[in-house]
Amino acid sequence: MQRVLITGAAGFLGSHLCERFIQEGFKVEAMDNLITGDLKNLSTLLDHPHFTFHNHDVTEYIDLDGELDHIFHFASPASPIDYLKIPIQTLKVGSLGVHNCLGLAKHKGARVTIASTSEVYGDPEVHPQHEEYFGHVNTIGPRGVYDEAKRFQESITMAYHRYHGVETRIVRIFNTYGPRMRLNDGRVLPAFIGQALRGEDLTIFGTGSQTRSFCYVDDLVEGIFRLHFSDETRPVNIGNPDEITIADFAEEIIALTGTDQKVVYRDLPENDPKQRQPDITRAKTVLGWEPSIDREEGLKRTYAYFKTLSTEELHKSEHKDFADFRKD
Ligand code: UDP
């Protein structure tokens with residue numbers, strides 16, 4: 001039986017990856033310090049005989065006995081609000097955390113997939129973004145802590161690949177959505193759906209002319225799975241190229257939820273990328289992958305999940321108090 005370590009396991013993407021690997025018959029070692037993750041996301045797996053949860057901060061040395069075949073480094077805060085609240089932790093997990101994962105991979109002879117992001121392209125001047133584009137990032141802006149950590153993460157991953165021969169894979173993840181996204185992490189989809197469910201106006205930042213391209217989580221997991229088991233060591237974009245403006249997206253959420261609320265406009269956050277759309281030629285060519293779930297279907301499934309949340313959960317402003325983690 002193959003054994004896989006997944007960091008950030010209690011987060012949105014990590015928990016979906018854990019589910020997939022359990023379904024595929026792997027033994028899953030799930031690791032998370034629960035700073036932004038939540039054990040609730042793993043509730044269906046915790047009692048599974050092939051699933052073990054480790055409450056551990058991956059920026060500290062990772063001690064895991066026995067053989068290990070695969071590692072997925074998915075631990076990281078992943079929303080602009082989180083980077084503002086916990087910037088140092090964001091930098092540490094993308095630097096010290098990845099270093100520990102790569103060291104563990106080298107020691108165990110495991111193959112490692114690193115979660116990178118479209119944020120490595122910054123506010124892109126090339127559209128759509130292909131993997132050869134070097135990006136346009138403000139190192140000292142509010143998003144810099146995330147963007148630069150992820151860029152460093154790619155560099156150290158390639159260094160371990162080239163100098164130590166570690167089997168590495170790098171996935172550049174574009175905006176992804178689905179069940180178990182955190183309601184109040186500030187990302188646009190949970191923000192809009194939460195507002196609709198609470199009977200509040202939908203907050204569009206800026207004019208709403210900025211674009212994003214949203215990928216349903218099951219498609220993303222399939223792409224990551226194929227990449228990990230492929231021979232591709234270059235970064236690969238995984239995302240859905242179906243691009244939409246945020247203003248049109250708000251209209252879609254209004255139609256989906258049937259809310260009577262309107263949209264209101266707020267200031268655009270600093271360095272908010274104007275456009276984002278993955279060029280997925282490499283994923284199509286090398287992995288034979290492309291998304292199969294369109295936004296209409298994906299949003300329906302995601303909305304069904306958010307409707308299961310209790311009134312109390314819907315009205316909690318933020319389920320995490322980061323105070324304990326700010327000491328670093
Ligand atoms: N956004 C918005 N209203 C909100 C939350 C976000 O208009 O209540 C905008 C945000 O400014 C950005 C887009 O939606 O242009 C996507 O934001 P998100 O934080 O989800 O992801 P990212 O900017 O990292 O792609």
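Just follow the structure's listing: the first ligand is 1, and inside any ligand the first atom is 1. From a predicted model like this one, the values you see are computed outputs, not experimental measurements.
- Contacts between Q275 and ligand 1 below 4.0 angstrom, taking non-hydrogen atoms only, are absent altogether.
- With 3.5 Å as the limit, one finds no donor-acceptor pair spanning the side chains of T157 and E154.
- Distances shorter than 4.0 angstrom occur between a heavy atom of E119 and an atom of ligand 1.
- Between H48 and F53, the ring centre distance reaches or exceeds 6.0 Å.
- In R212, the part holding a heavy atom less than 4.0 Å from any atom of ligand 1 is the side chain.
- For atom 23 (O) of ligand 1, the closest non-hydrogen atom on the protein side is R143 NH2, 2.8 Å.
- Both the backbone and the side chain of T203 come within contact range of ligand 1, each with a heavy atom under 4.0 Å.
- F225 and F26 have perpendicular rings, their planes meeting at more than 60° on a 0 to 90° scale where under 30° would count as parallel.
- By the 4.5 Å heavy-atom criterion applied to side chains, F74 and I224 are counted as neighbours.
- Proximity of the aromatic rings of F249 and F214 is defined here by a centroid distance below 6.0 angstrom, and this criterion is met.
- Of all atoms in ligand 1, numbered sequentially from 1 with element shown, those under 4.0 Å from a heavy atom of A191 are 8 (O).
- In summary, of the residues considered (I156, I71, V98), a side chain to side chain contact (heavy atoms under 4.5 Å, CB included) with I114 occurs for V98 alone.
- Side-chain atoms of S209 and T207 include a donor-acceptor pair closer than 3.5 Å.
- Of all the heavy atoms of V188, the ones lying under 4.0 Å from any atom of ligand 1 are found in both the backbone and the side chain.
- In terms of protein heavy-atom proximity, atom 9 (C) of ligand 1 is nearest to Q210 NE2, 3.9 Å.
- The backbone and the side chain of R187 each have at least one atom closer than 4.0 Å to an atom of ligand 1 (non-hydrogen atoms only).
- The aromatic ring centres of F72 and F21 sit less than 6.0 Å apart.
- Listed by number with element, the atoms of ligand 1 under 4.0 angstrom from any heavy atom of I204 are 7 (O).
- In N175, the part holding a heavy atom less than 4.0 Å from any atom of ligand 1 is the side chain.
- V286 and M158 fall into different hydrophobic clusters, where Ile, Leu, Val, Met, Phe, Trp and Tyr residues are linked whenever their side-chain heavy atoms come under 4.5 Å apart, directly or through other members.
- Under a 3.5 Å cut-off, the side chain of R282 and the backbone N or O of N237 do not form any donor-acceptor pair.
- With Y265, F205, Y177, F249 as candidates, the residue nearest to atom 7 (O) of ligand 1 on a non-hydrogen basis is F205.
- Using a 4.0 angstrom heavy-atom cutoff, P80 counts as in contact with ligand 1.
- The ligand atoms of ligand 1 that sit less than 4.0 angstrom from a heavy atom of D272 are 10 (C), 11 (O), 12 (C), 15 (O).
- Residue-ligand proximity, I246 to ligand 1, at heavy-atom distances under 4.0 Å covers atoms 7 (O), 13 (C), 14 (O).
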